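All remarks here apply to the structure that follows.
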Amino acid sequence: ELSMLSYLARVNYSLLNRYLFTASFRADGSSRFLPENRWGYFPSGAFAWRVSEEPFFKNLDQNIIETLKFRVGWGQIGNEQISSYYPYLTAINQQQYYTIGPGKVRTNGSLPAGIGNKEVMWETSEQFNVGVDLTTLADRLSLTADYYIRKTDNILLQQSIPRLSGFGTMTRNVGGMENKGVELTVAWHDRVGDFSYRVSGNVSFNRNKVTNLGTSTSLSDTFAYEQNLTDFQGQFPGILRSEVGLPYNQFYGYQWLGIFQNQSEIDNYKDKDGNVIMPTAKPGDSKYADFNPDGKISTDDRTFIGDPNPDAVFGLSFDASWKNWDLSMLFQGVAGNDIFNASKFYFEKFDGRQNVKASVFGKAWNGDGSSNTYPILLSATTDKSRNDNNWMASDFYIEDGSYIRLKNIQIGYSFNPRFVGFNSSLRFYVSAQNLLTITRYSGVDPEIPDNGVDRGQYPQPRTFMIGAN
């Protein structure tokens with residue numbers, strides 16, 4: 001059973017309606033940790049200066065800037081969200097059967113499922129931010145801008161441990177990460193006769209990097225595959241990798257150089273000493289970069305091939321009304337991120353075990369010069385090893401994940417009460433969700449959750465609604 005207890009204290013103080021102070025302190029206790037590490041203590045504070053309330057500001061032209069406020073804040077927050085309820089305990093797996101003695105009697109037993117860590121404690125994030133809020137042009141234009149730096153230490157991770165312990169990993173406070181960025185929100189509203197409208201946009205730019213991995217030089221992860229897509233199992237081990245000084249969970253794999261068109265290209269693909277790098281390849285097979293270079297293709301040739309972290313996340317809303325009509329639209333999107341399109345492996349790799357897209361037959365290599373985008377079609381039974389080598393984790397699967405989507409649109413009409421016989425107005429509306437998406441991504445849906453790996457998950461549905469209220 002998991003339990004948590006928290007205490008929170010907060011003090012707010014305003015001086016002359018111009019200087020605003022806030023201080024808070026919270027204590028969180030979690031049963032996930034032993035008593036000596038159970039409690040985490042997290043202070044925070046903020047200060048705001050309403051410049052527009054100063055006497056000298058009121059003497060200025062109020063048509064230029066109506067309100068102006070500067071903000072600064074600092075605080076800490078804790079995290080104890082890990083998969084194990086009791087990471088400090090060594091879990092036991094029961095119903096492990098053994099045969100004992102000359103009679104080979106089948107006996108029920110138990111064995112350790114992992115190693116507990118009594119030193120595990122709270123993960124802590126510390127953030128500092130400065131910001132400004134202002135309105136201008138008769139309050140029609142508003143702007144909010146923030147700059148922040150967030151540092152997280154003692155990140156709870158599954159760290160690799162020596163195999164001689166009998167296990168591969170254990171929960172430890174070993175990670176550190178830094179995020180910093182800018183967030184902007186701009187809004188404009190106005191009215192012209194019977195027509196009124198409001199436009200609001202926001203954009204955030206975030207950069208992160210790993211600052212600490214304990215004794216590990218890197219942290220690798222394999223995405224959780226969809227249970228229905230069983231062919232993913234074992235095909236993409238360690239495609240997510242983090243190293244100190246680099247962004248978190250970048251894509252890691254081989255550099256894909258295209259398709260060998262003929263035997264001559266295979267024979268001429270050599271290292272500096274004249275050795276053929278891929279001597280067992282055949283025309284129509286995938287060509288990979290000898291990144292180290294050591295004259296052969298091996299796991300040592302893997303490198304960073306993409307970044308799922310977007311350069312920008314943005315949104316745009318528009319609301320308008322004219323007489324009895326109203327309209328609202330919401331756009332959202334991201335820019336500068338990569339997607340590892342793992343669904344290609346399932347929907348486009350022809351191995352005779354499942355259906356594939358019909359377009360694969362037109363794109364796959366079938367002779368010298370026929371294609372440099374998809375390898376030759378092979379059987380999973382007679383050419384399994386060769387087929388698997390052609391579809392290894394590489395930048396063949398990396399695509400631009402940028403998109404902009406019309407997330408919601410609604411048009412409504414309100415009837416005047418005297419026309420419908422009610423005491424209140426009646427409004428009919430038509431709405432649609434996910435109506436339009438602009439993207440260069442070839443997969444079903446560029447809105448990928450979690451770590452930027454398209455595992456063939458169900459896409460966002462396009463929904464139409466008609467209603468009244």
Side-chain angles (χ1 to χ4, degrees), residues 1-58 65-82 85 87-88 119-135 139 142-157 173 175-187 200 202-208 211-212 313 315 317:
E1 182 179 351
L2 179 65
S3 61
M4 186 170 177
L5 179 63
S6 298
Y7 298 96
L8 175 64
R10 178 181 290 122
V11 176
N12 296 318
Y13 179 71
S14 174
L15 178 62
L16 303 176
N17 199 33
R18 298 197 293 267
Y19 312 108
L20 311 177
F21 301 88
T22 299
S24 65
F25 183 84
R26 66 178 297 156
D28 297 311
S30 172
S31 62
R32 280 193 165 103
F33 311 122
L34 285 174
E36 56 265 32
N37 295 322
R38 180 152 297 166
W39 288 92
Y41 305 98
F42 311 106
S44 66
F47 169 72
W49 177 27
R50 287 178 174 168
V51 182
S52 53
E53 296 298 319
E54 294 285 355
F56 70 83
F57 190 90
K58 295 183 179 297
I65 298 179
E66 285 79 22
T67 62
L68 176 63
K69 180 170 70 174
F70 293 106
R71 297 174 281 104
V72 60
W74 172 89
Q76 292 182 337
I77 193 68
N79 175 50
E80 45 86 55
Q81 295 296 317
I82 50 180
Y85 277 13
Y88 54 86
E119 297 179 354
V120 68
M121 65 180 65
W122 282 86
E123 173 184 316
T124 303
S125 292
E126 178 180 284
Q127 178 167 313
F128 170 80
N129 70 282
V130 293
V132 60
D133 306 311
L134 69 85
T135 60
D139 283 333
S142 63
L143 168 69
T144 298
D146 283 275
Y147 173 78
Y148 63 88
I149 300 177
R150 182 170 63 250
K151 296 181 179 181
T152 305
D153 293 313
N154 291 326
I155 297 179
L156 293 162
L157 296 174
N173 296 91
M177 186 181 300
E178 178 184 274
N179 286 272
K180 57 183 178 181
V182 175
E183 296 179 347
L184 299 173
T185 300
V186 180
S200 178
N202 62 81
V203 61
S204 63
F205 306 92
N206 182 74
R207 300 292 180 269
N208 78 16
T211 58
N212 179 25
V313 179
S317 65

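Keep in mind it's a predicted model, so treat the numbers as computed, not measured.
Residues N154 and W122 share a closest heavy-atom pair of CB-O, 3.8 Å. Listed here is the closest heavy atom pair of S31 and L2: OG-CD1, 3.3 Å. Across M177 and T211, no two heavy atoms sit closer than the pair N-OG1, 3.2 Å.
With sequence neighbours left out, the salt bridge (charged side-chain N to carboxylate O under 4.0 Å, His left out) criterion links E53 to K58. The ring pair (Phe, Tyr, Trp, His ring centres under 6.0 Å) test applied to F70 returns no partner, not counting sequence neighbours. By the ring pair (Phe, Tyr, Trp, His ring centres under 6.0 Å) test, Y148 pairs with no residue at all, sequence neighbours left out. Remark: L184 engages A145, V182, V203 in a side-chain contact (heavy atoms from CB on, under 4.5 Å) (not counting sequence neighbours).
Without hydrogens or angle criteria, T152 side chain to S125 main chain gives no donor-acceptor distance under 3.5 Å. For the pair N173 (side chain) and M121 (backbone), a donor-acceptor distance under 3.5 Å is present.
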For this session: Tell me, with the steps shown, if F56 and V51 meet side-chain contact (heavy atoms from CB on, under 4.5 Å).
Result: CA-CA 9 Å; F56 70 83; V51 182; 4.0 Å; yes

Problem set entry | Working for side-chain contact (heavy atoms from CB on, under 4.5 Å), residues L156 and Q81 | CA-CA 8 Å; L156 293 162; Q81 295 296 317; over 6 Å; no

Problem set entry | side chain to side chain donor-acceptor pair (under 3.5 Å) between S52 and T67, intermediate numbers included | CA-CA 5 Å; S52 53; T67 62; 5.3 Å; no

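L68 CG to L134 CG: the interatomic distance, rounded to the nearest 0.5 Å, is 6.0 Å. To the nearest 0.5 Å, the span separating CG on D146 from CZ on R71 amounts to 4.0 Å. Put simply, CD1 on I77 and OG1 on T124 are 9.5 Å apart, with the number rounded to the nearest 0.5 Å. Between R150 atom CZ and E126 atom CD the span is 12.0 Å, to the nearest 0.5 Å.
Within the 4.5 Å cutoff, side-chain heavy atoms of P55 are placed close to those of R18. For the pair V72/W74, no side-chain contact is recorded, criterion being any heavy-atom separation below 4.5 Å from C-beta on. Using a 4.5 Å cut-off on side-chain heavy atoms (C-beta onward), R32 and I82 make contact.
Residues D28 and R26 are paired through a salt bridge, judged by an N-O separation under 4.0 Å between the basic side chain and the carboxylate.
Pairs of residues two or more places apart, or lying in two chains, that qualify as side-chain hydrogen bond (donor to acceptor under 3.5 Å, both in side chains) and include a residue from residues 176-186 are N179-N206.
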Ignoring hydrogens and angles, write down the donor-acceptor pairs under 3.5 Å from the side chains of residues 34-49, residues two or more places apart or on other chains.
residue, atom, partner, partner atom, Å
R38, NE, S30, O, 3.2
R38, NE, F33, O, 2.8
R38, NH2, F33, O, 2.6
S44, OG, S24, OG, 2.3
W49, NE1, E54, OE2, 2.8

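Open room surrounds OH on Y7; 12 or fewer heavy atoms of other groups in view lie less than 6.0 Å from it.
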